[in-house]
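Encoded as structure tokens, the structure appears first; notes follow it.
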Amino acid sequence: MGDNHSGRHVSKALVEDSLMLDLAWIMRLGPIGDGQAVSGEIKWRVDGTALHSARFRLDLRKLESARLTIWTETISQAVMLTAVPQNFGGRRWWMRCPVTGERVRCLYLAPGGTRFASRKALGLSYRVERLTRFDRPFEKLFRAQRRLGDVQGLGVGLKRPKGMWNRTYARHASRFDALDVACAEKIVALIQSGQGDPAAFFPTTGGRPS
């Protein structure tokens with residue numbers, strides 16, 4: 001096994017290969033508001049196929065003891081929540097990383113992991129960080145599709161998830177359109193340069209909860 005003195009490079013686990021808990025996404029599954037508690041199920045999908053699932057209970061009845069509890073086949077974990085008052089009224093809820101204590105919207109379960117924690121705590125990297133400049137527009141495009149639970153690929157487009165506000169979707173769609181144009185330009189450049197099959201440059205894809 002490699003260590004700091006072995007001379008071997010140990011690659012970090014990837015965000016895209018980990019299970020993600022997105023608090024805002026979970027709150028929309030309920031839906032739920034302050035002073036309430038709700039239970040439900042999360043399913044993590046890749047290209048529309050459910051690969052993993054978990055039961056959850058989100059309890060916002062008391063500000064000082066608010067928590068999200070997750071049960072999978074191998075994990076039972078309670079995550080403490082904290083709320084920040086908003087300028088326009090109401091609160092915005094965050095999770096506390098069980099390792100660092102930092103306030104985060106998303107927690108991750110790395111492959112083979114035993115608990116959900118923040119990306120920083122787990123040392124996760126994004127696949128795009130390992131790609132060449134040519135590959136990155138494609139991975140960013142696929143990541144935009146993953147965020148909305150869509151099937152990933154060129155020409156697939158983007159669909160608005162049920163329950164997502166129109167203005168939020170419009171922001172995602174605007175970003176997606178710009179990435180789509182960037183990918184098309186890269187493909188044209190590749191063909192004109194005669195460097196080979198554009199499909200060879202397309203990165204693999206992952207999934208997100210639904």
Side-chain angles (χ1 to χ4, degrees), residues 1-4 8-30 39-58 67-82 93-132 135-153 156 158-159 161 164 172 175-176 179 202-210:
M1 301 296 290
D3 55 32
N4 292 337
R8 295 178 59 189
H9 174 71
V10 180
S11 297
K12 295 180 180 179
L14 294 175
V15 169
E16 291 85 353
D17 293 334
S18 304
L19 301 185
M20 180 178 68
L21 286 180
D22 184 330
L23 183 59
W25 192 274
I26 293 173
M27 291 182 73
R28 288 198 296 269
L29 293 177
S39 299
E41 184 179 21
I42 307 170
K43 292 183 179 180
W44 286 273
R45 300 177 182 272
V46 174
D47 293 337
T49 302
L51 298 181
H52 303 280
S53 64
R55 299 294 301 174
F56 74 87
R57 180 166 178 78
L58 184 57
R67 67 183 60 198
L68 170 66
T69 306
I70 296 291
W71 296 272
T72 70
E73 293 182 357
T74 58
I75 294 174
S76 177
Q77 181 180 355
V79 178
M80 300 307 298
L81 307 180
T82 185
W93 287 94
W94 301 80
M95 293 183 285
R96 289 284 186 187
C97 172
V99 177
T100 66
E102 68 178 324
R103 205 170 59 194
V104 295
R105 170 180 161 172
C106 298
L107 295 176
Y108 302 88
L109 179 66
T114 58
R115 63 175 171 176
F116 287 89
S118 66
R119 185 172 74 91
K120 178 180 178 181
L122 297 176
L124 301 177
S125 62
Y126 288 105
R127 181 176 288 113
V128 70
E129 295 172 358
R130 301 184 184 178
L131 302 175
T132 67
D135 299 330
R136 290 185 179 185
F138 298 100
E139 174 56 24
K140 289 180 179 179
L141 182 80
F142 297 149
R143 186 192 299 174
Q145 292 171 320
R146 285 197 297 269
R147 284 175 177 167
L148 300 192
D150 280 345
V151 175
Q152 299 149 73
V156 174
L158 203 65
K159 296 180 181 179
M164 176 175 282
H172 284 284
R175 172 65 173 163
F176 179 83
L179 291 171
F202 296 170
T204 56
T205 59
R208 69 157 294 147
S210 63

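We're numbering straight along the sequence, starting at 1.
Taking all atoms of both residues into account, the shortest heavy-atom contact from Ala110 to Leu124 is CB-CD2, 4.1 Å. In plain terms, the two heavy atoms of Lys140 and Leu179 that are nearest each other are O-CD1, 3.5 Å. Taking every heavy atom of both residues into account, Thr82 and Arg96 meet most closely at CG2-NE, 3.7 Å.
Of the inter-residue distances, the one linking Met95 atom CE with Met80 atom CE reads 13.0 Å to the nearest 0.5 angstrom. Atom-to-atom distance recorded for His52:NE2 and Lys43:NZ is 13.5 Å, nearest 0.5 angstrom. Atom CZ of Arg103 is separated from atom CH2 of Trp93 by 12.5 Å, given to the nearest 0.5 angstrom. Put simply, CD on Gln145 and NE2 on His172 are 13.0 Å apart, with the number rounded to the nearest 0.5 Å. Separation of atoms CD (Gln77) and CG (Leu68) is listed at 8.5 Å; rounding is to 0.5 Å. Between the CE atom of Met20 and the CZ atom of Arg105 there is a distance of 7.5 Å, given to the nearest 0.5 Å.
Of the possible donor and acceptor atoms, one in the side chain of Ser18 sits under 3.5 Å from a partner among the backbone N and O of Leu14.
Under the rule for a side chain to side chain contact (heavy atoms under 4.5 Å, CB included), the partners of Leu109 that lie at least two apart in sequence or sit in another chain are Leu19, Ile75, Phe116. For Thr74, there are no side chain to side chain donor-acceptor pair (under 3.5 Å) partners two or more places apart in sequence or in a different chain. With sequence neighbours excluded, the residues satisfying side chain to side chain donor-acceptor pair (under 3.5 Å) with Arg57 are Ser39. Here Ala121 pairs with Cys97, Val99, Thr100, Ala117, Ser118 under the side chain to side chain contact (heavy atoms under 4.5 Å, CB included) rule; sequence neighbours left out. Trp94 meets the side chain to side chain donor-acceptor pair (under 3.5 Å) test with no other residue; sequence neighbours excluded.
Between Glu41 and Ser53 the shortest side-chain heavy-atom distance falls below 4.5 Å. Contact of the Leu81 side chain with the Leu23 side chain is registered, since non-hydrogen atoms from C-beta on lie closer than 4.5 Å. In this structure, Leu21 and Ile26 have side chains that are in contact, with non-hydrogen atoms separated by less than 4.5 Å.
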